[in-house]
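Because only heavy atoms are used, hydrogens play no part in the values below, and waters and symmetry mates are left out as well, while side chains stay in.
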Amino acid sequence: MTHDVKESFSGGAPPAPAALAAKVRTLAPSMTRSMQRVAEAVAGDPAGCAALTVTGLAELTGTSEATVVRTARLLGYPGYRDLRLALAGLAAQQQSGRAPAVTADIAVDDPIADVVAKLAYDEQQTLADTAAALDTVQLGTAVGALAGARRIDIYGVGASSLVGQDLAQKLLRIGLIAHAHTDPHLAVTNAVQLRSGDAAVAITHSGSTGDVIEPLRVAFDRGATTIAITGRPDGPISQYADHVLTTSTARESELRPAAMSSRTSQLLVVDCLFIGIAQRTYETAAPALSASYEALAHRHNPRTR
């Protein structure tokens with residue numbers, strides 16, 4: 001299933017000029033292709049686009065004036081005039097030569113102190129972008145499905161498999177039956193056993209990982225409630241997901257592949273799911289969590305045993 005882009009201005013203060021690129025990265029995957037062209041143009045050349053009328057920008061991007069206005073509103077601006085003002089402010093900042101205090105671009109010769117600062121900044125932006133884009137209605141419904149599931153299967157490969165294992169161990173500690181499957185063959189053979197009342201969670205940044213899509217499709221066909229955690233809500237994975245939770249699509253670089261940034265946003269979504277489930281099942285979750293702490297206490301302080 002896919003989700004329609006909301007094209008109306010949500011109200012409140014428009015985003016600061018410096019936040020424009022982050023908004024484009026987060027929302028572009030859910031935009032129509034024509035809106036993507038507008039968003040990419042304004043993020044890539046703020047000075048040039050700030051000088052254009054709504055008609056000029058529509059002609060530059062091969063779209064319509066209505067598309068330009070809808071894109072501006074989706075990015076958080078009441079209208080195109082407000083977007084132009086933000087672009088002019090961003091262009092002035094860039095032309096003054098004043099770089100941001102910290103950038104997310106890491107060079108091969110950066111001192112380690114700069115690497116720490118840049119990574120911390122990028123992690124912060126990734127978390128903020130994910131929180132801003134996360135559909136809390138979808139999140140709440142997913143929490144309800146997982147909290148009441150007889151059994152939960154979790155699928156992920158590569159970096160996403162680490163996130164899946166984190167979710168599984170969290171759920172196990174509050175008394176839920178959850179298994180993270182990293183072997184694609186075992187994932188499919190386990191998915192075959194699912195039925196209505198069970199749940200399956202697929203974690204894939206790209207939304208097109210075949211080894212994750214296949215078991216989710218099987219779980220979907222078997223009647224289980226299916227949840228996708230992905231950076232591409234319009235990707236193939238969404239066809240077999242009852243609920244889609246969108247993560248930030250942070251920029252990829254040579255020294256920092258997408259797997260690192262995507263894992264940060266995925267872990268935030270996992271934590272949101274876990275806390276929501278723990279709230280829903282508190283009467284059983286709290287004693288189960290206490291029991292798990294007690295069972296492991298002697299491993300943290302062997303002399304007490």
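Here the rule is salt bridge (Lys or Arg N to Asp or Glu O under 4.0 Å) with D198, and of R222, R150, R151 only R150 fits it. Checking each of I203, I152, L146 against I227 for a side chain to side chain contact (heavy atoms under 4.5 Å, CB included) leaves exactly one that passes, namely L146.
Looking only at distances, no side-chain donor or acceptor of D129 sits under 3.5 Å from a matching main-chain atom of T126. In this structure, the side chain of Q138 engages the main chain of V244 through a donor-acceptor pair within 3.5 Å. The main-chain N or O of Y240 is found under 3.5 Å from a side-chain atom of T226 such that the two form a donor-acceptor pair. Looking at T136, its side chain never comes within 3.5 Å of a backbone N or O of L139 through a donor-acceptor pair. Judged by distance alone, with hydrogens and angles left aside, the side-chain atoms of T130 form a donor-acceptor pair with the main-chain N or O of S248 at under 3.5 Å. Here the side chain of R37 pairs a donor or acceptor atom with the backbone of G62 at under 3.5 angstrom. In terms of modelled atom types and a separation under 3.5 Å, the side chain of R84 and the main chain of A50 share a donor-acceptor contact. Using modelled atom types, one side-chain atom of S64 and one backbone atom of T67 make a donor-acceptor pair closer than 3.5 Å.
For I177, the CD1 atom sits in a loose shell: 12 or fewer heavy atoms of surrounding residues, nucleotides or ligands are nearer than 6.0 Å.
One distance of note links CD of E65 with CD of E59; it measures 8.5 Å at 0.5 Å rounding.
Using a 3.5 Å distance cut-off with no hydrogens or angles, the side chains of Q266 and R263 do not pair a donor with an acceptor. T209 and T204 share a side-chain donor-acceptor pair at under 3.5 Å.
In the hydrophobic cluster analysis, where Ile, Leu, Val, Met, Phe, Trp and Tyr join through side-chain heavy atoms closer than 4.5 angstrom, L167 is grouped apart from L162. In the hydrophobic clustering of this structure, F274 groups with L134; members are Ile, Leu, Val, Met, Phe, Trp, Tyr whose side-chain heavy atoms approach within less than 4.5 Å, directly or through other members. Y155 and V218 sit in two unconnected hydrophobic clusters of ILVMFWY residues. Membership requires side-chain heavy atoms under 4.5 Å apart, directly or through other members. By the rule that hydrophobic residues join a cluster once side-chain heavy atoms approach within less than 4.5 Å of another member, I277 and L289 end up as members of one cluster. In this structure, L75 is a member of the same hydrophobic cluster as L60, with clusters built from ILVMFWY side-chain heavy atoms closer than 4.5 Å.
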| task | With side-chain contact (heavy atoms from CB on, under 4.5 Å) as the test, would you mind laying out the steps for S208 and R232 before giving the verdict? | result | CA-CA 8 Å; S208 58; R232 305 289 181 183; over 6 Å; no
| said: Set out, in order, the CA-CA distance, both residues' side-chain angles and the distance that settles side-chain contact (heavy atoms from CB on, under 4.5 Å) for K170 and V270, then state yes or no. | reply: CA-CA 9 Å; K170 280 180 164 68; V270 161; 4.3 Å; yes
| Where do E123 and T264 land on the side chain to side chain donor-acceptor pair (under 3.5 Å) test, with the steps shown first? | CA-CA 7 Å; E123 297 285 345; T264 299; 2.3 Å; yes
| query | Would V42 and T71 count as a side-chain contact (heavy atoms from CB on, under 4.5 Å) if you check the C-alpha gap in whole Å, the side-chain angles of each, and the deciding distance to 0.1 Å? | reply | CA-CA 10 Å; V42 298; T71 305; over 6 Å; no
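Across all their heavy atoms, G164 and A180 have their closest contact at O-CB, 3.6 Å. Contact detail for L57 and A41: the closest heavy-atom pair is CD1-CB, 4.5 Å. When every heavy atom of S265 is checked against every heavy atom of T247, the shortest pair comes out as OG-CB, 3.4 Å.
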